[in-house]
Amino acid sequence: MGQFPSLADIGAEFSLINWIQQRSQHTRIDSILEIGIGDDTAILKPQNREMLVTKDVLTEGVHFRLSDATLGQIGRKALAVNLSDIAAMAGEPTVAFIGIVIPRDFKRVMIVELFEGLISLAEDCDVKVAGGDTNVWDGPLVISVTLLGLAHVNGSVLRSGAKPGDQIFVTGALGGSLPSGRHLSFEPRVQQAQQLRDHFDLHALLDVSDGIASDLRHILQASNVGAVLNAEQIPIHHDVDAALSQETRLQHALCDGEDFELLFTISADDAEKLVDQNPLSIPVTRIGEIRKESGLFLRLGTQESRLEQTGWVHQ
Ligand code: ADP
Ligand code: MG
């Protein structure tokens, strides 16, 4: 539309959208996607499975700074956080829609770099970019991804299914993600969540974005239960400075956030099986137990302390 700034204003030599379309010609998503980029809407073929839909918006100056991350990393993360949400339901990601608002002084090569980061990860995860919208303005970079997924054939895993006696597990290790830059390169646990769902009756599941001291509360509230975590069992990531005291390192593991690991609960019987034979190629650690009484506690030796979002309160 004539009166609005267009992509031509930022020196698009040939259509950026044509390039995105070409670059997205991959994957085996054809079973779900009838028409992707190029018409007025995408067309999806109905599947005999529930569909999952998630969306995250990343804004320059709020979620990232251009001085701290490459454009490829920003594009990658914009998709990765959505993949992590589909993983948190144990679903299978399928197609993505990309809304982007580009600062006017951006060069075409910069937008291509951003999309390269995003589409490379999409390829790795069998996700196809099936549409979007592109604007140019005088403000900061904004990128919004809508990701669709298919529910696991055994059913999605909600936050509300944790039961007293369940054992609490986490994949990988926690803490130090922001200062190390891991938050830009993390591997969304998409396959791992599906494998866990293949093998176990997962009662509750989410992805850790704000730190388990915060995120475990979502499961507790939704399931109307409480929990105790064992301090010695929390897997602390090697990105957390080894020179810090053990107490401070634990604090980072519990509260830092941006880990994008899976936090889940399973029955005590299933827990024994998982500890005995982990089907994943990454570690899973039993870190605590769900109980009937409300509240989140941290067991340090023989002492139990109340665990707040910012850490624990010494008794
Ligand atoms: P319309 O005016 O009908 O919205 P557009 O020119 O915005 O048409 O889009 C043309 C096609 O390109 C559509 O299929 C749309 O989904 C796709 N598209 C536009 N921007 C993007 C983007 N940033 N990423 C992926 N697809 C896009
Ligand atoms: Mg449009």
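Atoms within a ligand are numbered from 1 in the order they appear, just like the ligands themselves.
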**Report entry** atom 1 (P) of ligand 1 within contact range, any protein heavy atom under 4.0 Å
**Finding:** no
Please determine if [X] and [Y] form a salt bridge, counting it only when a charged side-chain N lies under 4.0 Å from a carboxylate O.
X: Glu261; Y: Arg189; result: yes
X: Asp276; Y: Lys273; result: no
X: Glu92; Y: Arg197; result: no
X: Arg286; Y: Glu232; result: no
X: Glu113; Y: Arg23; result: no
X: Asp85; Y: Lys55; result: no
X: Arg65; Y: Asp68; result: yes

Report task. Please find the N/O/S atom of Asp133 nearest to the Mg ion (ligand 2) and write down its name. Result -> OD1
Identity and distance of the protein heavy atom lying nearest [atom]:
atom: atom 22 (C) of ligand 1; answer: Ile98 O, 3.4 Å
atom: atom 14 (O) of ligand 1; answer: Gly38 N, 2.9 Å
atom: atom 25 (C) of ligand 1; answer: Gly131 O, 3.2 Å
atom: atom 23 (N) of ligand 1; answer: Thr134 OG1, 3.0 Å
atom: atom 7 (O) of ligand 1; answer: Asp133 OD1, 3.1 Å
atom: atom 13 (C) of ligand 1; answer: Asp39 O, 3.5 Å
atom: atom 6 (O) of ligand 1; answer: Ile17 CD1, 4.1 Å
atom: atom 3 (O) of ligand 1; answer: Asp40 OD1, 3.7 Å

Query raised in the report: Gly132 to ligand 1: N or O pair under 3.5 Å?
Result: yes
Requested in this report: Assess whether atom CD of Glu60 is packed by more than 12 heavy atoms of other residues, nucleotides or ligands within 6.0 Å.
Outcome: yes
Query raised in the report: For Gln309, does the CD atom sit with more than 12 other heavy atoms under 6.0 Å from it, leaving out its own atoms?
Result: yes
Report summary line: The answer for which part of Ile100 has a heavy atom under 4.0 Å from ligand 1 is side chain
Requested in this report: To the nearest 0.5 Å, tell me how far Arg159 CZ sits from Leu220 CG.
Outcome: 11.5 Å
**Report entry** Ligand-side contact atoms (ligand 1) for residue partner Val129, heavy atom cut-off under 4.0 Å
**Finding:** 25 (C)
Query raised in the report: Quick one: which ligand 1 atoms are inside 4.0 Å of a heavy atom on Ile37?
Result: 12 (O), 14 (O), 17 (C), 25 (C), 26 (N)
Report task. Would you please determine whether Phe115 falls within less than 4.0 Å of ligand 1 on a heavy-atom basis? Result -> yes
